[in-house]
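Residue numbers start at 1 and run along the sequence shown.
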Amino acid sequence: MAEPAQKKAKTTRTFLFSSESVNEGHPDKLCDQVSDAVLDACLREDPQSKVACETCAKDNMVMVAGEITTKAKLDYDKIVRAAVLQIGYDSYVDDLSSVDSKGLCDKTCEVLVRINKQSPDIAGGVHVGKTDMDVGAGDQGIMFGYASDETSDCMPLTHSMATRLGKTLTDVRKSGECWWLRPDGKTQVTIEYLQHADGSVEPKKIHTVVISTQHAEPLKAVRSKECAGYKGPEMTAPSMEAMNKEIEEKVIRRTLQNITLKNGQPALTLYGSHTHLHINPSGKFIIGGPQGDAGLTGRKIIIDTYGGWGAHGGGAFSGKDPTKVDRSAAYICRQMAKSVVTSGLSARCLVQLSYAIGVAKPLSLFVETYGTEKHGLDVDDITNILKVEFDCRPGAIAVSLALREPKYQETAAYCHFGREPYTKEGRKYFEWENAMDLKKYQTMKTEQVSAALKASNYLTKWVD
């Protein structure tokens, strides 16, 4: 008779993982921001707007297309040009050899509009004749949220770092500190991780940093011509070598100093002579934006989420109102996962929801903790805890996360997650980053969690 298989003991291992990000001037990210600018314009006048707006950009042309039903009166031309200018695209020359063209111009670009109203078939199945809490999902689909205790904001360090490097590049460009930078750019980070026996992961050292950033012509471009409205003393762009040194000091080191690890230390402690640097590895990067590459809304879904960690259901976010669960359910999944981790119930957490078009209740809830669950709780307990504490019907998500407010353009670059929540002019930004306190469950046993579930009204919001 064969011996029963022995359960394999958990071991530690070391591995490399990489994540990438793009700046707000990347053509795809530009399109995300235009789509969300249109959404904001709709919600500003009509919070019940139904919006599905896609954007395409190539050369000196931006096109918005989709289905929008709203009471708002929209000037699409004005919305598009304002978004383009805010990013920093103010010059276009139809010549790929030009060193003056940034790749798009807010004043001269062609703006095309192809917008219809929402399909009456969808409207009838999703929201017509239904109360706010009974509004159905705008489409079928699967959505994920992820959290890890490796950083103070519960984001994976590879993605947090890649995202923030891009944001710092933009900050030093717009402040004038590195005026010779242009809007387009990409970042990528590889980190060596230690996976502990309990399933948690710990970043040990930053292995590689890649930055490709658009810039003015080295040693020739002058600030008065490069930066519209500049009236100060004239300056000439530095050499490529000098540019790279400034990027290393003012972007990489500054960014790492502002990321806090689980141990309370800055991520800069993981950076050093062992780190491989590739700054503009292809050489010059003068032509960028839609002139260098076409852009589309929703083509950076991994950058918008967790940099390849966890999982992704495939749905994009930008240009969609909160009945589109691709967006709203992904936000509540993040809040659930982050709440589990910040409450000390597990070190890592992945949450999945699924929906059917026109149906309010989620069809399924899946939780994965990678073996990192704590306090005697198992994954089923944590799943039941989330069913007690959260309501993931689209209408309920819109209320709890204040999703009918015009605040989405802010989310459309530098990741929708890991951002600091704040309130401005009465609007709650990144409300899904406010984790729910679930610490009371640390002292509960499985029987108590099950009793709490049965005593709750979970069948009004979840499928049994």
Side-chain angles (χ1 to χ4, degrees), residues 14-24 26 28-29 32 142-170 185-195 199-213 251-252 255-256 258-262 267 270-271 275-278 298-318 326-327 330-331 333-338 341 347-352 368 370 372 411-420 430 432-433:
T14 300
F15 63 93
L16 297 178
F17 196 90
S18 302
S19 296
E20 69 154 347
S21 190
V22 297
N23 293 5
E24 62 188 55
H26 185 279
D28 294 330
K29 267 287 145 237
D32 287 339
I142 57 176
M143 302 85 205
F144 290 91
Y146 179 79
S148 170
D149 71 355
E150 64 199 77
T151 57
S152 60
D153 58 12
C154 293
M155 288 293 286
L157 181 59
T158 53
H159 193 46
S160 182
M161 183 175 163
T163 300
R164 295 193 189 194
L165 285 172
K167 181 62 166 64
T168 306
L169 276 169
T170 298
K186 304 182 78 170
T187 59
Q188 185 170 291
V189 176
T190 301
I191 288 176
E192 181 182 296
Y193 278 88
L194 173 65
Q195 181 169 316
S200 63
V201 294
E202 179 187 356
K204 301 301 290 185
K205 64 181 180 180
I206 297 167
H207 182 275
T208 303
V209 176
V210 182
I211 293 179
S212 293
T213 179
V251 176
I252 298 176
T255 299
L256 293 177
N258 291 322
I259 298 176
T260 304
L261 304 173
K262 178 170 60 175
L270 306 182
Y271 178 79
T275 303
H276 304 283
L277 286 183
H278 299 281
R299 204 159 59 176
K300 290 292 177 282
I301 58 176
I302 300 303
I303 285 165
D304 284 341
T305 51
Y306 308 102
W309 291 85
H312 200 294
F317 298 161
S318 290
D326 278 336
R327 181 174 217 159
Y331 288 169
C333 282
R334 163 63 176 174
Q335 189 181 44
M336 289 192 285
K338 187 175 181 181
V341 172
R348 299 169 66 198
C349 185
L350 177 74
V351 175
Q352 184 206 51
E368 172 62 67
Y370 308 93
T372 67
T411 71
Y414 310 115
C415 195
H416 294 246
F417 307 118
R419 307 282 288 274
E420 187 69 30
F430 304 101
W432 48 91
E433 291 297 319

>> According to salt bridge (charged side-chain N to carboxylate O under 4.0 Å, His left out), who are the partners of Glu202, at least two apart in sequence or on a separate chain?
In response: Lys204

>> The criterion is salt bridge (charged side-chain N to carboxylate O under 4.0 Å, His left out); which residues satisfy it with Arg164, sequence neighbours excluded?
In response: Asp153

I'd like to know if the side chain of [X] reaches the main chain of [Y], judged simply by a donor and an acceptor atom lying under 3.5 Å from each other, with no hydrogens or angles considered.
{"X": "Thr275", "Y": "Tyr271", "result": "no"}
{"X": "Ser148", "Y": "Arg348", "result": "no"}
{"X": "His416", "Y": "Thr305", "result": "no"}
{"X": "Asp28", "Y": "Gly298", "result": "no"}

Does [X] have any side-chain hydrogen bond (donor to acceptor under 3.5 Å, both in side chains) partners at least two apart in sequence or in another chain, and if so, which?
{"X": "Arg327", "value": "Asp36, Tyr331, Thr411"}
{"X": "Glu433", "value": "Arg334, Lys338"}
{"X": "Lys167", "value": "Asp171"}

> What's the verdict on side-chain contact (heavy atoms from CB on, under 4.5 Å) for Val209 and Ile206, showing C-alpha distance, side-chain angles and the deciding distance?
Replying inline: CA-CA 8 Å; Val209 176; Ile206 297 167; 3.8 Å; yes

> Between His26 and Lys300, does a side-chain contact (heavy atoms from CB on, under 4.5 Å) hold up when you go through it step by step?
Replying inline: CA-CA 10 Å; His26 185 279; Lys300 290 292 177 282; 3.7 Å; yes

Would you kindly say whether [X] and [Y] are connected by a side-chain donor-acceptor distance under 3.5 Å?
{"X": "Ser160", "Y": "Thr151", "answer": "no"}
{"X": "Thr170", "Y": "Tyr414", "answer": "yes"}
{"X": "Gln195", "Y": "Tyr370", "answer": "no"}
{"X": "Thr158", "Y": "Ser19", "answer": "yes"}

Test item: [X] and [Y] side chains (from C-beta on) under 4.5 Å apart, heavy atoms:
{"X": "Ile211", "Y": "Ile252", "result": "yes"}
{"X": "Lys186", "Y": "Glu20", "result": "yes"}
{"X": "Thr14", "Y": "Glu192", "result": "yes"}
{"X": "Tyr193", "Y": "Pro203", "result": "yes"}

>> Assess the residue pair His278 and Thr208 against the criterion (side-chain contact (heavy atoms from CB on, under 4.5 Å)); give the C-alpha distance rounded to whole Å, side-chain angles, the decisive distance to 0.1 Å, and a yes or no.
In response: CA-CA 8 Å; His278 299 281; Thr208 303; 3.9 Å; yes

Can you name the side-chain contact (heavy atoms from CB on, under 4.5 Å) partners of [X], sequence neighbours left out?
{"X": "Ala337", "value": "Ala147, Cys349, Val351"}
{"X": "Ala267", "value": "Leu157, Leu256, Ile259, Leu261"}
{"X": "Ala162", "value": "Ser21, Thr187, Val189"}
{"X": "Thr260", "value": "Ser152"}

>> Once you measure the plane-to-plane angle for Phe417 and Phe317, does it fall in the parallel (<30°), tilted (30-60°) or perpendicular (>60°) bin?
In response: perpendicular

> Can you list the residues that meet the ring pair (Phe, Tyr, Trp, His ring centres under 6.0 Å) rule with His207, with sequence neighbours excluded?
Replying inline: His276

>> Suppose we screen for ring pair (Phe, Tyr, Trp, His ring centres under 6.0 Å). Which residues come up paired with Phe17, at least two apart in sequence or across chains?
In response: Trp309

Would you give the length of the straight line joining atom [atom1] of [X] to atom [atom2] of [Y], rounded to the nearest 0.5 angstrom?
{"X": "His312", "Y": "Phe144", "atom1": "NE2", "atom2": "CZ", "value": "9.5 Å"}
{"X": "Leu169", "Y": "Asn23", "atom1": "CG", "atom2": "CG", "value": "5.0 Å"}
{"X": "Phe430", "Y": "Arg419", "atom1": "CZ", "atom2": "CZ", "value": "3.5 Å"}

> Can you pull the salt bridge (charged side-chain N to carboxylate O under 4.0 Å, His left out) pairs that have at least one residue in residues 302-316, sequence neighbours excluded?
Replying inline: Lys29-Asp304

> Do Met155 and Cys415 pass the side-chain contact (heavy atoms from CB on, under 4.5 Å) test, and can you show the C-alpha distance, the side-chain angles, and the key distance before you say yes or no?
Replying inline: CA-CA 11 Å; Met155 288 293 286; Cys415 195; 4.0 Å; yes

